[in-house]
Amino acid sequence: MNTKSLLAKLGPFLGLLLVIGLFSISTEVRGYFLTYPNFKIILTQTVIVAIGALGMTLIIIAGGIDLSVGSAIAFTSVVGALLIQRGWSAAAVVLAVVAAGGGIGLLNGVAIAGLRMTPFIITLGTLGVVRGASKWLANNETVNYDGSPINSWMTTADPFGWSLPAGAWVALVAAIGTAVMLRQTVFGRHIFAIGSNEATARLCGVPTVRTKILIYALAGAFFGLAGLMQLSRLRQGDPTVAVGLELDIIAAVIIGGASLSGGVGTVLGSMIGALIMAVLRNGSQQMGWPTYFQEIIIGIVIIAAVFLDRLRQAKAA
Amino acid sequence: MPPRLRLTGIRKSFGATLALRGVSLEVAPGEVHALVGENGAGKSTLMNILSGALPADEGAMDLDGAPYAPRDTLDARHRGVAMIHQELSLAPHLSAWENIMLGAEPSRGGWLRRHDAKASARAALERLGHGHLDLDRAAGKFPIAEQQIIEIARALRTEPRVLVMDEPTSSLAQADTERLFTVIRQLRDRGVSVIYISHFLEEVERLADRYTVLKDGQSVGTGPMAGTSTTQLVRLMVGRDVTELYPTRTASPGSTVLEVRNLSAGRRLTRANLTLAAGEILGVAGLIGAGRTELVRAVFGLDRSEAGAVTVEGRGFSHRQPGASWRQGVGFLSENRKEEGLMLPLSVAENTVLTKLGRFGRLGWLRRREIDAAGAAWIDRLGVKASGPGQPVGQLSGGNQQKVALARLLEHPARIFLLDEPTRGIDVGSKAQIYELIAGLAREGRAVVLVSSYLPELFGMCDRIAVMRRGELVECRARADWTEPSLMAAAVGAAA
């Protein structure tokens with residue numbers, strides 16, 4: 001029993017070691033794959049999925065789901081690019097982009113909690129609405145600008161230095177803040193309570209509607225932050241970016257040990273899940289595997305993760 | 001002493017259905033007040049009104065002399081009325097202390113004060129004599145009895161004046177029931193008024209100070225429990241005597257129709273042997289978890305058996321499947337009516353014909369009129385209280401749902417009936433009807449395996465009773481060769 005629960009906790013770590021080990025088998029690839037500069041690249045490539053996974057962790061623990069993440073990231077990156085074009089300062093752009101993400105989340109939350117509709121349906125709808133709005137806002141083309149301090153946040157231009165790009169630090173600080181919030185605040189514990197048994201939470205006086213709206217809004221703010229990183233990485237606002245990214249983000253959270261039926265999940269697990277996804281992509285490229293092969297592998301990993309989720313639930317029952 | 005709670009002339013209707021037509025109830029401080037009645041008598045509606053889940057249409061409620069009209073369940077809790085539901089409502093992933101403190105976590109500026117919270121939770125459990133429980137363990141990992149204690153501790157946190165308990169012992173073992181009674185008596189001695197709803201009249205007789213009987217949405221009797229017999233309560237509940245709850249029947253077993261040899265399945269069933277004759281009712285007794293359900297499930301083919309053989313009317317099967325069992329005329333009634341026995345959103349008629357849908361169609365097209373006609377026929381024959389064959393089963397009361405579940409076996413028609421707890425959680429009147437139905441099957445020469453946790457039912461219905469213990473079928477005797485003590489002794493493995 002105890003070894004089992006230990007295994008369940010260590011599962012994501014083992015998964016990470018497994019994929020790293022997998023790509024280290026070939027001596028040819030290992031020489032580059034297992035180097036600090038490459039890990040720096042992997043960390044940087046993880047940032048967007050990781051920040052998105054923070055928001056998604058909150059939502060999934062509360063028993064919900066958000067399919068509109070990819071669209072929200074595209075939308076907020078377009079908003080950011082347009083504001084830079086108009087000469088806004090970097091700080092103002094950051095605030096506005098995060099607020100835009102929070103606004104999308106707020107709309108999702110109000111529709112889900114206020115109108116009592118299924119998160120899957122609502123966010124399937126907003127996935128389309130927000131993607132369309134991004135293209136509209138961007139006139140259906142990429143939004144270019146001359147330059148901004150934001151551009152340097154996701155750069156790995158200095159591959160041999162030891163310093164990490166700002167984006168990685170932002171993700172780390174956000175992750176620690178989210179973990180502490182989940183564990184140490186009343187709001188954080190109410191997220192678990194709602195995911196575990198919403199009816200009981202309401203009966204015990206937890207303001208479920210308000211809490212759920214807040215969860216989606218806060219998660220939306222994280223998605224806005226992820227959109228900012230997307231902007232920094234591409235150095236342009238692209239309304240067609242991050243299509244299907246919601247699946248990577250959900251997969252990261254599930255691989256990290258969260259349960260799709262709610263009540264279970266950790267920030268650490270989700271971050272490792274995000275790393276696993278990034279290592280898989282990076283390693284596949286190093287191995288020279290074609291992109292379709294990467295897609296197949298990542299698809300299999302998602303199925304394996306959901307299967308693990310089911311095993312965990314069977315154990316809990 | 002003025003009453004703690006007084007309800008007068010409470011009325012409530014849902015559409016055209018009159019659920020409550022004038023209920024009055026008076027509960028004194030520090031009293032255990034039993035509320036009894038058949039299913040559908042209006043107990044749940046009344047308790048929902050009391051706990052704030054539903055508003056009453058008419059009538060008045062007073063709590064310690066002040067008018068009481070809760071806006072919702074939360075408001076009711078704040079006013080001092082808490083309810084423990086039959087289905088426990090804990091958040092299974094949260095720890096014991098988090099469940100107890102849920103919604104009232106001590107905090108400063110949004111930050112949880114974990115230490116204070118755990119101390120309060122500990123104090124609440126200590127008051128119930130369960131201070132030893134591990135506060136950090138996830139609530140879902142506790143046994144049912146301890147989950148119930150955690151839920152009571154949560155209800156006590158708000159210092160309730162009235163605690164409503166709905167069938168709290170329905171899934172408890174005897175020893176846990178005794179412990180719960182100790183807790184309830186402690187609460188009573190501290191001045192809490194407990195409204196205790198139960199189908200187990202023996203429990204009510206032992207625990208309650210006063211009783212109120214509901215029948216057809218009206219309170220039909222109230223009084224002190226001392227000097228009132230359970231027979232009197234039953235008479236009030238059903239409006240007639242049900243001394244002869246179990247139909248008389250002379251056993252006339254025919255040829256053997258079912259033979260089970262060395263059947264093993266999983267950990268809960270090892271090498272079970274039994275035979276069943278036409279026209280016979282065979283009881284299966286045992287404690288919860290002894291393997292009774294596993295036995296009938298393996299015979300029917302719902303669970304895969306690792307070893308052994310099942311012979312139905314001379315034909316053997318090594319790997320049974322539910323579909324093959326139905327075709328052989330073996331019908332199965334699940335103990336889990338809501339999740340496995342019935343499709344709650346589907347209509348009465350659709351549930352009835354489910355196992356033989358093919359016969360109601362031609363080339364894959366169903367003839368709905370014939371399906372509805374079949375459903376309507378069973379509604380008539382079994383006296384199902386439903387608006388018609390098209391009504392979703394989920395809208396019926398427990399007893400009527402069970403009749404529909406049985407109708408499926410009758411419609412099929414099955415010759416061998418495997419019935420797992422067929423009268424669980426249903427009212428006395430429906431029970432009597434179902435007993436009559438089962439006896440009628442045996443008279444017609446059909447064979448019945450009756451799994452039950454309720455000994456009087458086994459003694460009242462069965463020709464032979466088999467006892468299971470820890471996955472083994474330990475003994476099978478004719479009814480007359482058992483006494484309740486000797487049967488219990490066999491079930492727990494003690495010398496009689």
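Numbers restart at 1 for each chain; the letters A, B, ... are given by sequence-line order, proteins then strands.
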Original post:
Do B:Trp111 and A:Val180 have side-chain heavy atoms sitting under 4.5 Å apart?
Top reply: yes
Of the listed B:Pro92, B:Ala155, B:Ser107, the one with the largest count of heavy-atom pairs under 4.5 Å with chain A is B:Pro92
*Would you call A:Thr185 and B:Leu112 a side-chain contact if the rule is heavy atoms closer than 4.5 Å?*
no
Heaviest contributor of heavy-atom pairs below 4.5 Å to chain A, chosen from B:Ala117, B:Ala91, B:Ala104, is B:Ala91
Tell me, yes or no, whether the heavy-atom count around B:Arg268 atom CZ, taken from other residues, nucleotides or ligands under 6.0 Å, exceeds 12.
-> no
Query raised in the report: Is it true that atom CZ of B:Arg137 has more than 12 heavy atoms of other residues, nucleotides or ligands lying nearer than 6.0 Å?
Result: yes
So, the part of A:Ala199 with a heavy atom under 4.5 Å from chain B: the answer is neither
Practice item. Can you establish whether the number of heavy atoms outside B:His115 located under 6.0 Å from its atom NE2 is more than 12? Key: no
Residue from A:Gly188, A:Gly195, A:Gly262 scoring the most non-hydrogen pairs under 4.5 Å with chain B is A:Gly262
Assert top hit (heavy-atom pairs under 4.5 Å, partner chain B, pool A:Pro207, A:Gly263, A:Cys204) equals A:Cys204
Between B:Leu90 and A:Thr200 the two heavy atoms that sit nearest each other are N-OG1, 4.1 Å
Honestly, the part of B:Arg113 sitting under 4.5 Å from a heavy atom of chain A is neither
Kindly check if the number of other-residue, nucleotide or ligand heavy atoms within 6.0 Å of CZ (B:Arg190) is above 12? yes
### Message
What I'd like to find out is whether the side chain of A:Arg202 reaches to under 4.5 Å of the side chain of B:Asp72, using heavy atoms alone.
### Response
no
Using side-chain heavy atoms (C-beta onward) and a distance below 4.5 Å, is A:Val206 in contact with B:Leu102? yes
For B:Leu74 and A:Gly205 the tightest heavy-atom approach is CD1-CA, 3.2 Å
message = Strictly below 4.0 Å, N to O, side chains only: are A:Arg189 and B:Glu98 in salt-bridge contact?
response = yes
Donor-acceptor contact below 3.5 Å, side chain A:Ser196 vs main chain B:His93:
yes
